[in-house]
There are 2 protein chains.
Amino acid sequence: MASGPGQSRDRATIIDVAAAAGVSRQTVSNALNNPDRVAPGTLMRVHREIERLGFSPNAAAQQLRRRKASAYGFEVNPSGAGKMGHILDGFLVELTVAAPDHSCHLVTFAPNLSRLLDGYDRILSTGLVDGFVLGDTRHDDPRPAWLLANEVPFVTFGRIWDNPEMGRWVDVDGRAGMEVAVEHLVAQGYTAIAYLGWPDGSPVGDDRRRGWLSGLADAGLADTAIAEEAVQDLTVATAAAERLLDRLPSGGAILCASDLLALGALRAVRNHGLEPGRDVGVVGFDDSDVAEALQLTSLRQPLQDAAAEAWRIVHAKGTDLSLTALLAPTLTVRASTTPTPQSPNESPTQSPNQSPVHPPRRPPLGRTAYPSLEEQQ
Amino acid sequence: MASGPGQSRDRATIIDVAAAAGVSRQTVSNALNNPDRVAPGTLMRVHREIERLGFSPNAAAQQLRRRKASAYGFEVNPSGAGKMGHILDGFLVELTVAAPDHSCHLVTFAPNLSRLLDGYDRILSTGLVDGFVLGDTRHDDPRPAWLLANEVPFVTFGRIWDNPEMGRWVDVDGRAGMEVAVEHLVAQGYTAIAYLGWPDGSPVGDDRRRGWLSGLADAGLADTAIAEEAVQDLTVATAAAERLLDRLPSGGAILCASDLLALGALRAVRNHGLEPGRDVGVVGFDDSDVAEALQLTSLRQPLQDAAAEAWRIVHAKGTDLSLTALLAPTLTVRASTTPTPQSPNESPTQSPNQSPVHPPRRPPLGRTAYPSLEEQQ
DNA sequence: CAGGCTAGTTGGAACGTTCAAATCATGCCA
DNA sequence: TGGCATGATTTGAACGTTCCAACTAGCCTG
């Protein structure tokens, strides 16, 4: 217990480096922040000492002097974590991965449920963060307006449908994704493409439905348009899919607004004694773990790109409301839209800019720790 | 654009409060950090001014002076986020929710994959965090030893099986969970309880298997012990479950090491023309979203308790290696272990200390934003 | 009534960095 | 050679808080 816990081990400061390199502290600071102001020889000497002493500038001192935390808040919500297609977990990861490129970091916080903005105000007023990434948007969401009024930098993941004027969002183009899915289904030889979606009135659902319709029109299949509605519940979805199958001609496919609805469709198909893919195509949305497990073709949100765009927007100076990014999802093709049996390898159309560290087929389990343990033993 | 972005709006400082209350800055500091040293009347006056001016102490200044960030690093890994049963997402959320109780916060960071410890060293040497919560543990994990050697506070989620002496972990008692599951199955009237687990050699898998065996012994059913093995893959699991079903007497049940294996078991049961629950009981592990969707009885990890214990351990002074917490999972009972059909409402044995904000049945979708939109419209 | 003790309060200093302005060579041109 | 711009470097001050030691007034004790 030489030095006790905490950051007590006395780390080298900028002054130690300065003394070692025989310059003043400001020159060391300049060597790091404004290298062009420092003579080449000096620069080299300083950097050698920085290396030798293992110096890293103290974040708190920088924050204090610069009056800027270089940190952004990310609200995590207990109600959705780990749930099927809870895309936010992945978004948070990609934001974290990309954060060092913008020399900043993320601080998680939980919302104050009774007074929503309080949580934001508290973490902001301590100067712990400079702004926020809003991982979701609610109906009548008070946050964007509040943040704008207080000139707090932010970006939202998901369009602010309530108010089209409100920029500063990143979103995935569900409509374009659906069009790609229709195109794929047609190319695979399916001759009629039905739609299993959510009831009218949800902006995202309506957007996806429009994509289906325009995809059909582009393919000259507008006359095959039949659809059913279901809320996000497996039993309801299965029943709706059953009704759809009764009307769907042979050689048809079902395009679904979510992986859960697609799961219902898969069940209905099997209940009819049919084989997904061979007899009826099924496509889901979000490329969740379930989609992978059940060999369900699904649209994958380009989270890595979304994270990069989010950083770009949140860092933009001023309160420019025209900063938006609409990204196209990519289709992960699996057996559920492959009429002829094929080896179940990875999708050929998978996003090329996927994280390179993503192993091709790492079976996840109860806890990530253990698959790797098994595999290594 | 009066003041530009960032934390530029001039916030009240401790000196403003001091002036307003007619005391010195140190007295204001004492009022917040050592109220017992301040006279009651003064204390009230100071607090009134704090309230009136909306003062919050600047985090960076505190960190700098106290030489302590009150922040902990949490490594997020791109390879697992959002995957089935990727329990870490939920753990991160619960840690975040509990963080304010310990007046600290979490900073996420991504690992340096080539030189694992570099990422830890960097974030630590800037003083951005005081320690770490290791969300997973790998085989031959170098991190605990390194952190100990450097006297960095930490806690791991998951026992360090490689080295039983290495304390400072929180974990879920898979063995006890399995015993509870066996007890439940017996109570439901299942007369033989088979096991579908991972191949020998994974500590977690072996632990769960032992729980099954001791549960059987307690129930006097040791002679019914039959088991099959499968890696974490749906096709393999289904095949293994098929073999198991060939040997399983009528009125039996299958206890599985994971929800994915249980998913395979469900498929095998249906392939045999049987009905899960009514004909064959099936139990999974992790209570993932899939378990909920498929009405699969499953063991749920007590993440909220785990988070509380983790904070307790990481905050403990010194390098005491005896700090551990082993928590029992709870069983969420669904149709897959209910022989007689019943209304598909929530489990009666669900964890009582579940987050109160968790709505009883909020169907999550592609993005959390939109179900709420639908529901509200 | 000197001396000491306690509760309450205060001012100086420090945490480690960057901003802003000052200093100091150096070279160029008139 | 004096004046002046230029580049490189240094010094003083500040960011907002807490640690530490000092100070005061009041009260008790011998």
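Protein chains get the first letters and strands the later ones, always in sequence-line order, with residue 1 at the start of each.
The nearest whole Å value for the distance from the CD1 atom in A/Ile50 to the P atom in C/dT17 is 10 Å. Counting to the nearest Å, the P atom of D/dT18 and the CD1 atom of B/Ile15 are 12 Å from each other. As rounded to whole Å, 14 Å separates atom C1' of D/dG7 from atom CG of A/Asn34. In this structure, the CG atom of A/Leu32 is 12 Å from the P atom of C/dC19, given to the nearest Å. Straight-line distance from the CG atom of A/Leu64 to the P atom of D/dT17: 9 Å, rounded to whole Å. Spacing between atom CD of B/Gln62 and atom C1' of D/dC15 amounts to 14 Å, rounded to whole angstrom units. When the P atom of D/dA8 is taken as reference, atom CG of A/Leu43 falls 11 Å away, rounded to whole Å. Distance CD1 (B/Ile14) to P (C/dT10): 13 Å, rounded to an integer number of Å.
With C/dG16, C/dT9, C/dC19 as the choices, the nucleotide that has an atom nearest any side-chain atom of A/Gln26 turns out to be C/dC19. The side chain of B/Phe55 lies closest to D/dT17, out of D/dT17, D/dT18, C/dT9. Distances from the side chain of A/Arg65 to the nucleotides C/dC19, C/dA13, C/dT9 place C/dC19 closest. When the nucleotides C/dT10, C/dT9, D/dT10 are ranked by their closest atom to the side chain of A/Thr27, D/dT10 comes out on top. In the set D/dT17, D/dT9, D/dA13, the nucleotide with an atom closest to the side chain of A/Arg25 is D/dA13. In the set D/dT9, C/dC15, D/dT18, D/dT9 carries the atom at the smallest distance from any side-chain atom of A/Ala39. Side-chain proximity of A/Ser24 to C/dT9, D/dT11, C/dG16: nearest is D/dT11.
The phosphate of C/dC19 has neither OP1 nor OP2 within less than 4.0 Å of any side-chain N or O from A/Ser29. For the OP1/OP2 pair of C/dG8 and a distance below 4.0 Å, the side-chain nitrogens and oxygens of B/Arg37 include no atom meeting the criterion. Under 4.0 angstrom from either OP1 or OP2 of C/dT17 there lies no side-chain N or O belonging to A/Gln63. The side chain of A/Asn30 contributes no N or O atom lying less than 4.0 Å from OP1 or OP2 of D/dA8. Between B/Arg11 and D/dG16 there is no side-chain polar atom (N or O) within less than 4.0 angstrom of OP1 or OP2.
Within 4.0 Å (heavy atoms only), B/Thr13 reaches sugar-phosphate atoms of the nucleic acid but no base atom.
Under the 4.5 Å side-chain criterion, counting only non-hydrogen atoms from C-beta, B/Leu95 is not in contact with B/Tyr72.
Along DNA chain C, the nucleotide closest to B/Ala61 and the one closest to B/Pro40 are compared, and the more 5′ of them pairs with B/Pro40.
For B/Thr96 (side chain) and B/Leu92 (main-chain N/O), a donor-acceptor pair under 3.5 Å exists by modelled atom type. Under a 3.5 Å cut-off, the side chain of B/Arg45 and the backbone N or O of B/Ala21 do form a donor-acceptor pair.
Inspection of the B/Asn33 and B/Arg66 side chains reveals an N or O donor paired with an N or O acceptor under 3.5 Å. Using modelled atom types and a 3.5 Å distance limit, the side chains of A/Gln62 and A/Asn58 yield no donor-acceptor pair.
Salt-bridge formation is detected for the pair B/Arg52/B/Glu49: a Lys NZ or Arg NE/NH1/NH2 atom is positioned less than 4.0 Å from an Asp or Glu carboxylate oxygen.
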